[in-house]
Q: 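Submitted below is the structure of interest, expressed as structure tokens.
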Amino acid sequence: MSAIIESLQDTPISEPERSSAMLDELLSGKADIRFNGPVTLSDSEPEPDIAIVRLPESCYNGRYPAPQDIFWIVEFANTSLNKDWVAPPCIKA
């Protein structure tokens with residue numbers, strides 16, 4: 001995982017396509033990379049920009065990935081960053 005993070009550190013946040021291609025190459029055969037698709041959480045089904053989930057991809061034919069399937073979620077906030085930071089502090093992790 002640290003190699004993936006190091007590879008992405010120099011990628012500007014404004015270039016999600018470049019980040020996506022790098023992730024696809026780095027994680028090929030290790031995880032399924034889903035773009036703008038829903039994931040099922042206990043109280044919602046958000047659609048993150050990127051969700052890195054367990055293989056095989058076929059296990060999601062009848063459902064969306066759930067918390068136990070998700071390794072990593074990426075949300076690019078280049079257009080909503082100001083709005084996201086003024087949210088009530090009780091929902092910040």
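Throughout, residue positions are numbered sequentially from 1 according to the sequence presented.
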Q: What pair of heavy atoms forms the shortest contact from V39 to I73, and how long is it?
A: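 In terms of heavy atoms, the two residues are closest at CG2-CD1, 4.2 Å.
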
Q: Are L27 and F71 connected in a single hydrophobic cluster, I mean Ile/Leu/Val/Met/Phe/Trp/Tyr linked by side-chain heavy atoms less than 4.5 Å apart?
A: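 In one cluster: yes.
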
Q: Looking at R34 and D69, is any side-chain nitrogen of the basic one under 4.0 Å from a carboxylate oxygen of the acidic one?
A: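 Salt bridge: no.
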
Q: Is there a donor-acceptor pair under 3.5 Å between the side chain of R54 and the backbone N or O of P65?
A: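 Not at all, since once roles are kept as given, no pair shorter than 3.5 Å links the two residues.
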
Q: Going by heavy atoms in the side chains, are N36 and E47 under 4.5 Å from each other?
A: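 Side-chain contact under 4.5 Å: no.
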
Q: Heavy-atom count check: over 12 atoms from other residues, nucleotides or ligands less than 6.0 Å from F35 CZ?
A: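 For F35, atom CZ is crowded (more than 12 foreign heavy atoms under 6.0 Å).
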
Q: List the steps, then state whether side-chain contact (heavy atoms from CB on, under 4.5 Å) holds for W72 with L23.
A: CA-CA 11 Å; W72 195 17; L23 284 171; 3.9 Å; yes

Q: Please find the pair of heavy atoms, one from P48 and one from G37, that lie closest to each other, and give the distance.
A: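 Smallest interatomic distance, heavy atoms only, reads CD-O, 3.4 Å.
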
Q: If you define the side chain from C-beta out and look only at heavy atoms, does anything of P67 sit under 4.5 Å from L41?
A: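 In short, these two side chains touch, coming nearer than 4.5 Å.
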
Q: Got a donor-acceptor contact below 3.5 angstrom from the E75 side chain to the D49 backbone?
A: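 Yes, because the side chain of E75 sits within donor-acceptor range (under 3.5 Å) of the backbone of D49.
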
Q: Side-chain heavy atoms nearer than 4.5 Å, only ILVMFWY residues, links allowed to pass through others: does that put I70 and V74 together?
A: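 Different hydrophobic clusters.
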
Q: Just checking E45: does its CD atom have more than 12 heavy atoms from other residues, nucleotides or ligands closer to it than 6.0 angstrom?
A: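 Atom CD in E45 is crowded, with more than 12 foreign heavy atoms closer than 6.0 Å.
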
